Amino acid sequence: MPVCRRKVTVIGAGNVGATAAQRIAEAGLADVCVIDVIEGLPQGKALDLAEAAPLQHHDQVIVGTNDYADTAGSDVIVVTAGLARQPGMSRDDLLLRNAGIVRAVVKQAVQYSPDSILIIVTNPLDAMVHAALEASGFPRERVIGMAGVLDSSRFRAFIAQDLGVSSADVSAFVLGGHGDTMVPLPRYSTVAGIPLPELMKPERIEELVQRTRTGGAEIVALLKAGSAFYAPASSVMHMVDSILNDRKRVLACAVLLHGEYGIDGLVVGVPLVLGASGVERVIEVALTPEEKAALMTSAGSVRGLIETMHNASA
Ligand code: APR
């Protein structure tokens with residue numbers, strides 16, 4: 001039987017993109033093509049990663065390029081291209097600049113990989129998934145935002161540290177937008193199957209929830225230049241693994257909702273089954289009135305960003 005090599009393209013060879021490329025190749029998941037607008041950057045990082053392959057014991061091909069033709073035939077395309085917020089740049093400026101970048105890179109990439117699955121990482125995440133949906137013309141099943149996997153990993157890490165238990169035994173459930181409006185659900189978060197509220201006081205849970213919401217900002221404040229990339233790259237790797245190996249993992253991801261949770265036509269983070277065809281099923285759970293209200297607030301903030309994008313392009 002011929003061997004079918006799998007291929008992942010990572011757009012943006014910055015911190016998140018290069019680290020995601022490393023994680024994907026070193027896990028033996030796929031050959032990786034890294035592309036960026038800056039000449040030499042993707043080539044240099046790809047060469048460096050390829051030179052580590054003998055030591056990391058993998059045979060994945062890693063290529064760096066500035067030419068979309070080299071991305072052809074990708075199974076998964078990870079979009080990390082974008083600008084970081086500069087001093088003096090408003091949130092709306094950043095939104096519109098990154099939306100322009102995401103639209104442009106997605107349009108080019110999907111010409112060469114029309115059957116691919118897109119994983120969007122660029123922030124503001126939920127709005128960038130909308131931009132990628134429009135630019136690709138792909139169905140919602142194949143345009144997925146990476147947010148909830150990262151937010152739940154942060155929440156799991158904080159719970160594990162606080163309780164002094166292995167994070168392998170901690171499972172965390174988050175809904176909603178990425179960042180401030182994220183909706184963690186402690187009653188659906190467990191330690192070896194035990195609901196978190198049985199093990200931790202409500203005030204402590206609330207502190208960890210708040211730390212999770214501002215997890216990205218906490219790292220920006222420490223790094224001073226740049227934002228988090230190790231955990232975001234690991235989150236991407238887990239999504240790629242679930243897709244390429246058809247694991248059907250239940251992961252929180254940002255996806256366009258068609259009436260689920262009472263939301264229609266907006267991208268929001270929800271638990272879903274991720275397999276070979278992308279989003280296989282959105283999982284709906286019953287929410288308390290407070291949780292539902294928090295989710296609606298989260299969806300409302302995504303709607304505000306979409307209106308800003310549409311008004312600017314009108
Ligand atoms: N085409 C390809 N690459 C681009 C383009 C473009 N049009 N515009 C910018 N890039 C590249 C930059 O050249 C840079 O190498 O995107 C890369 C972004 O890398 P970093 O600045 O290091 O940013 P990073 O930390 O990787 O974050 C990327 O992920 O988590 C989000 O908020 C984060 O939106 C940001 C994105």
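Given the structure is predicted, the values throughout are model-derived calculations rather than measurements. Whatever order the structure lists them in is the order used to number ligands and atoms, beginning at 1.
- Every atom of ligand 1 is numbered from 1 in the order shown, and the set under 4.0 Å from a heavy atom of V105 is 1 (N), 6 (C), 7 (N).
- Side-chain atoms of K248 do not come within 3.5 Å of backbone N or O of S242 as any donor-acceptor pair.
- For the pair N15 and ligand 1, the shortest N or O to N or O distance falls below 3.5 Å.
- The residue L83 has no part lying near ligand 1, judged by heavy-atom distances below 4.0 Å.
- Ligand-side atoms of ligand 1 in range of T122: 34 (O), range being under 4.0 angstrom from any heavy atom.
- The environment of D59 atom CG is sparse: at most 12 non-hydrogen atoms of other residues, nucleotides or ligands sit within 6.0 angstrom.
- For atom 15 (O) of ligand 1, the nearest protein heavy atom lies under 4.0 Å away.
- By the criterion of a heavy-atom distance under 4.0 Å, both the backbone and the side chain of N123 are placed next to ligand 1.
- V267 has its side chain out of reach of V255: every pair of non-hydrogen atoms, C-beta onward, lies at least 4.5 Å apart.
- Which of V16, I11, T19 comes nearest to atom 26 (O) of ligand 1 through a heavy atom is settled by distance: it is V16.
- Side-chain atoms of Q60 come within 3.5 Å of backbone N or O of A30 as a donor-acceptor pair.
- Closest to atom 36 (C) of ligand 1 by heavy atom, among V37, T80, V102, is T80.
- Each of the following atoms of ligand 1 lies closer than 4.0 Å to a heavy atom of G82: 9 (C), 10 (N), 16 (O), 18 (C).
- Nearest heavy-atom pair across R6 and L29 is NH2-O, 3.2 Å.
- Ligand 1 places these atoms under 4.0 Å from at least one heavy atom of L41: 15 (O).
- Regarding atom 17 (C) of ligand 1, its nearest protein heavy-atom neighbour is D36 OD2, 3.7 Å.
- Atom 19 (O) of ligand 1 has its nearest heavy-atom neighbour, among G14, G12, A18, in G14.
- Shown in contact with I101 at under 4.0 Å from a heavy atom are these atoms of ligand 1, numbered in order with element: 5 (C), 6 (C), 7 (N), 8 (N).
- Following chains of ILVMFWY side-chain contacts shorter than 4.5 Å, one cannot reach I101 starting from I38, and the two form parts of different hydrophobic clusters.
- From the protein, the heavy atom lying nearest to atom 31 (C) of ligand 1 is V121 O, 3.5 Å.
- For the pair D31 and R5, the salt-bridge criterion is met [side-chain N within less than 4.0 Å of a carboxylate O].
- R187 CZ: more than 12 foreign heavy atoms inside a 6.0 Å radius.
- Contact of the S171 side chain with the R156 side chain is not registered, since no non-hydrogen atoms from C-beta on lie closer than 4.5 Å.
- Here is the list of ligand 1 atoms found below 4.0 Å of a heavy atom in I38: 13 (O).
- With rounding to the nearest 0.5 Å, the separation of CG in L287 from OH in Y188 is 7.0 Å.
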